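Hydrogens, waters and symmetry mates play no part in the numbers below; they use all other heavy atoms, side chains included. Computed from a predicted model, the values in this text were never measured in an experiment.
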Amino acid sequence: MNYYFSVKSKVGDNTQRIFDLVYNKIVHPDDKVIGFFDSYGGSAKVASRIVEKIIPLSEPGLISFIAIGGEKIFSAAAFIFSSFNKRFAFEDSNFLIHPSVPPRG
């Protein structure tokens, strides 16, 4: 079964609710989650919670997470996009990925 997840606005609590609805329907390894991304970014906390759920299921042989990039995939949306195990973007897609800051200590 194919399940669709769309991020077309700011990544926030509503994004989390929509993702959780899709996530709770996944029951079989043949299921596919297809995400469409066209977002200016949003909450890093929400993106992290979503990615924490995707990573264990996106291993080879488990659930197929397919990401399709729209015109803009910025910040938190790019983080979620990158966690999908199959990713496709249009030629005119634009990504904003923040540089990582090395830990101090």
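Leu62 and Val33 sit in two unconnected hydrophobic clusters of ILVMFWY residues. Membership requires side-chain heavy atoms under 4.5 Å apart, directly or through other members. No path of Ile, Leu, Val, Met, Phe, Trp and Tyr side chains, each step under 4.5 Å between heavy atoms, connects Val51 with Leu21, placing them in separate hydrophobic clusters. Connection of Ile18 to Phe36 is not established within any shared hydrophobic cluster, with ILVMFWY side chains joined at heavy-atom distances below 4.5 Å, either directly or through further cluster members. In the hydrophobic cluster analysis, where Ile, Leu, Val, Met, Phe, Trp and Tyr join through side-chain heavy atoms closer than 4.5 angstrom, Phe90 is grouped apart from Ile97. Linking Ile, Leu, Val, Met, Phe, Trp and Tyr whenever their side-chain heavy atoms come within less than 4.5 Å leaves Ile34 and Phe81 in two separate clusters.
In this structure, Asn94 contributes its side chain and Lys72 its backbone to no donor-acceptor pair below 3.5 Å. Here the side chain of Asn85 pairs a donor or acceptor atom with the backbone of Phe65 at under 3.5 angstrom. No donor-acceptor pair under 3.5 Å is formed between the side chain of Asp31 and the backbone N or O of Ile26.
Distance check: Arg87 CZ to Ser82 OG gives 6.5 Å after rounding to the nearest 0.5 Å. Interatomic distance, Ser93 OG to Ile68 CD1, rounded to the nearest 0.5 Å: 10.5 Å.
The salt bridge (Lys or Arg N to Asp or Glu O under 4.0 Å) analysis of residues 57-68, with sequence neighbours excluded, yields no pairs. Counting only residues at least two apart or on different chains, the ring pair (Phe, Tyr, Trp, His ring centres under 6.0 Å) pairs with a member in residues 6-25 are Phe5-Phe19, Phe19-Tyr23. Applying the side chain to side chain donor-acceptor pair (under 3.5 Å) test to pairs two or more places apart or on separate chains, none has a residue in residues 4-13.
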Carefully, step by step, assess Ile80 and Val46 under the rule side chain to side chain contact (heavy atoms under 4.5 Å, CB included). CA-CA 10 Å; Ile80 300 170; Val46 171; 5.8 Å; no
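Scored by the salt bridge (Lys or Arg N to Asp or Glu O under 4.0 Å) test, Lys53 finds Asp20 as partners (sequence neighbours excluded). Applying the side-chain contact (heavy atoms from CB on, under 4.5 Å) criterion to Phe88, with sequence neighbours excluded, gives Ile66, Lys86.
Side chains of Gln16 and Ile50 form a contact here, defined as non-hydrogen atoms less than 4.5 Å apart.
Shortest non-hydrogen contact noted between Asp38 and Gly70 is OD1-C, 4.3 Å.
Connectivity analysis of hydrophobic side chains (ILVMFWY, heavy atoms under 4.5 Å, direct or indirect) links Leu96 to Tyr40, Phe74.
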